[in-house]
**Q** 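Questions regarding the structure given below will be posed in turn.
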Number of protein chains: 2
Amino acid sequence: MVIGMNTSTRSATKRAEILQVASRLFYEQGYHQTGVQQIIAEAGAAKGTFYTHFKSKEELGLAWLSARHTTWNGWLQDAIRDQPTARGKILGIFEFLGTWMEDCHYRGCAFLNTLCEMPDCDPAIRAEIANHKRELKELFQSLVAQHQPEASQADSQQLGTVLFLLFEGTLIELQNFREPWPLDGARQHVESLL
Amino acid sequence: MVIGMNTSTRSATKRAEILQVASRLFYEQGYHQTGVQQIIAEAGAAKGTFYTHFKSKEELGLAWLSARHTTWNGWLQDAIRDQPTARGKILGIFEFLGTWMEDCHYRGCAFLNTLCEMPDCDPAIRAEIANHKRELKELFQSLVAQHQPEASQADSQQLGTVLFLLFEGTLIELQNFREPWPLDGARQHVESLL
DNA sequence: TTTTGATGACCGACCGGTCGGTCGTTCATC
DNA sequence: GATGAACGACCGACCGGTCGGTCATCAAAA
């Protein structure tokens, strides 16, 4: 029993180690710039071990994005959980951009980076990216609906969409310019809208 | 004289052919997904010819973005030139997104794609990308200033920044979802702002 | 006017290295 | 003995880049 757990633990650990190292490298260097050899070297695994856990590099990429979705949403929820109002939560999402950007490893959104990097990738990867962004858009829309309960659903969805698009634009331009003004401009506009 | 011109013409043509083919492939497949071998094969050139005209693949990438800046700005100017008012021009920029997206080869913004693809690239490439976006932001800001001559410069710059960020978010989400709703949402918001 | 030598665009074989992926083997666990 | 995780040598293809050489052009020498 205990030994059996050790076995599966070792296996699970190896797979997890590979995934963890790959996640860091994919994010920091990009998917195409990161080779399987580098991943296994830094994870201390052999080539064969890699391919017992992942049938291809692309499947590892998909596992990375899938895990990243959970991780990133956790960060976001941590950042806005303590905000009592919907308005505070919406502004908190933009504030979160600021703290995230200050991270020395900030390299923008993993999903957008992958989207831009892989024009004709596996449909499963495209779906993972679209799903991540769709959920974020719907978060904005539901928060707007909370903040403006008297508004029509169409109006809430419209404003939520705009906030989402503004967030995405801010995200990408923070990555581009590495300066705080996109966030300042977006924050000010959002405050005036709500 | 004439023969001399033929010589330089032939050279210029070869270089131009390589650059033209590379521009298409870089945009459609991405920079890293496109190899020098494929470029020269489709351009009908030899490896050595490539390296007489470009000292490296990266220099070709820079030449691509530099030319793309001119080309894309030309498209944009063509799209908004006939608009008599600043408001019309601003809305025209967003309309331009729609016609651009309908292009069967639409793959988003070459500059953002390259930014996302190359986290630690040549500073000259980063500068080319930042410059392209800076000019677009300033176009929005100057159009806002024309549209609201009574507003303070700070207010014009603020609104121009927001329009720019909204444009960028729309751009990237059109690429992501390949659906018209991001553009519809952005257009509606811009109309209500102006 | 003809010959010659320098120039440089163009060519394609070739370089070392890396790519993603396979496979036969070892070895711990049950 | 059976199972399967872990290993690492190995595969062909491709990567960006180099290099020796051909040939057309053209200015200078004969």
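What you are looking at is a predicted structure, and each value in this text was computed from that prediction instead of being measured. Every chain is numbered from 1 and lettered A, B, ... according to where its sequence line falls, protein lines coming before strand lines.
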**Q** Could you check whether A:Phe96 and A:Trp72 have their ring centres less than 6.0 Å apart?
**A**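 They qualify: ring centres under 6.0 Å apart.
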**Q** Quick check against the 3.5 Å criterion: does A:Lys89 have a side-chain atom that pairs as donor or acceptor with the backbone of A:Gln83?
**A**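 Yes.
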**Q** Is the phosphate of C:dA9 approached by B:Thr49 (side-chain N or O, under 4.0 Å from OP1 or OP2)?
**A**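 It does not, given that no N or O in the side chain of B:Thr49 lies less than 4.0 Å from OP1 or OP2 of C:dA9.
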**Q** Check whether any side-chain N or O of B:Gln141 sits under 3.5 Å from a backbone N or O of B:Gln157 as a donor-acceptor pair, and report yes or no.
**A**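 Side chain of B:Gln141 to backbone of B:Gln157, a donor-acceptor pair under 3.5 Å: yes, one is there.
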**Q** If I take atom NZ in residue B:Lys55 and atom P in nucleotide D:dT18, what distance separates them, rounded to the nearest angstrom?
**A**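 Spelled out: NZ on B:Lys55 to P on D:dT18 is 11 Å.
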**Q** Residues from residues 26-43 of chain A sitting under 4.0 Å of DNA chain C, heavy atoms only?
**A**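 Nucleic-acid contacts, sorted: A:Thr34, A:Gly35, A:Val36, A:Gln37.
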**Q** CE of B:Met118 versus P of D:dG16: gap in Å, rounded?
**A**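 My rounded result for the distance is 12 Å.
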**Q** In whole angstroms, how far is the C1' atom of D:dA6 from the CZ atom of A:Phe54?
**A**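 Nearest whole value for this atom pair: 14 Å.
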**Q** What's the CZ-C1' distance between A:Arg15 and D:dG4, to the nearest Å?
**A**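 It works out to 16 Å between those atoms.
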**Q** Without decimals, in angstroms, what is the distance between B:Tyr51 OH and D:dC15 P?
**A**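 Interatomic distance, OH of B:Tyr51 to P of D:dC15: 11 Å.
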**Q** Separation of B:Lys47 atom NZ from C:dG16 atom C1', in whole Å?
**A**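 Atom NZ in B:Lys47 sits about 12 Å away from atom C1' in C:dG16.
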**Q** Can a donor-acceptor pair be found, under 3.5 Å and without considering hydrogens, that links the side chain of B:Lys57 to the backbone of B:Thr34?
**A**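 A pair under 3.5 Å: yes.
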**Q** Look only at the side chain of B:Glu117 and the backbone of B:Tyr31, and say whether a donor-acceptor pair between them is shorter than 3.5 Å.
**A**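 The answer is yes, because a donor-acceptor pair under 3.5 Å joins these two groups.
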**Q** To the nearest 0.5 Å, tell me how far B:Glu150 CD sits from B:Ser156 OG.
**A**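 If I round to the nearest 0.5 Å, the distance is 8.0 Å.
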**Q** Taking the nucleotide of DNA chain D with the closest heavy atom to each, which residue, B:Gly48 or B:Lys57, is nearer the 5' end?
**A**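 Residue closer to the 5' terminus by nearest nucleotide: B:Lys57.
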**Q** How long is the line joining CZ of B:Phe50 and C1' of D:dG17, in whole Å?
**A**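 So the CZ-C1' distance, B:Phe50 to D:dG17, works out to 10 Å.
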**Q** Using whole Å, what does the distance between atom C1' of nucleotide D:dG16 and atom CD of B:Glu58 come to?
**A**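 Rounded to whole Å, this separation is 12 Å.
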**Q** A:Glu42: what forms a side chain to side chain contact (heavy atoms under 4.5 Å, CB included) with it, not counting sequence neighbours?
**A**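 Testing A:Glu42 for side chain to side chain contact (heavy atoms under 4.5 Å, CB included), a comparison that skips the adjacent residues, returns A:Val21, A:Arg24, A:Leu25, A:Gln38.
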**Q** Test the A:Arg134-B:Phe177 pair against the cation-pi criterion, namely NZ or CZ under 6.0 angstrom from the six-membered ring centroid and within 45° of the ring axis.
**A**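 No cation-pi geometry.
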**Q** Would you say B:Gln175's side chain and B:Arg107's backbone share a donor-acceptor pair under 3.5 angstrom?
**A**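 Checking the backbone N and O of B:Arg107 against the side chain of B:Gln175, a donor-acceptor pair under 3.5 Å is found.
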**Q** How large an angle, rounded to 10°, do the end axes of the helix from C:dT1-D:dA30 to C:dC30-D:dG1 enclose when each is built from five base pairs?
**A**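 Taking the rotation axis at each end, their angle is 10°.
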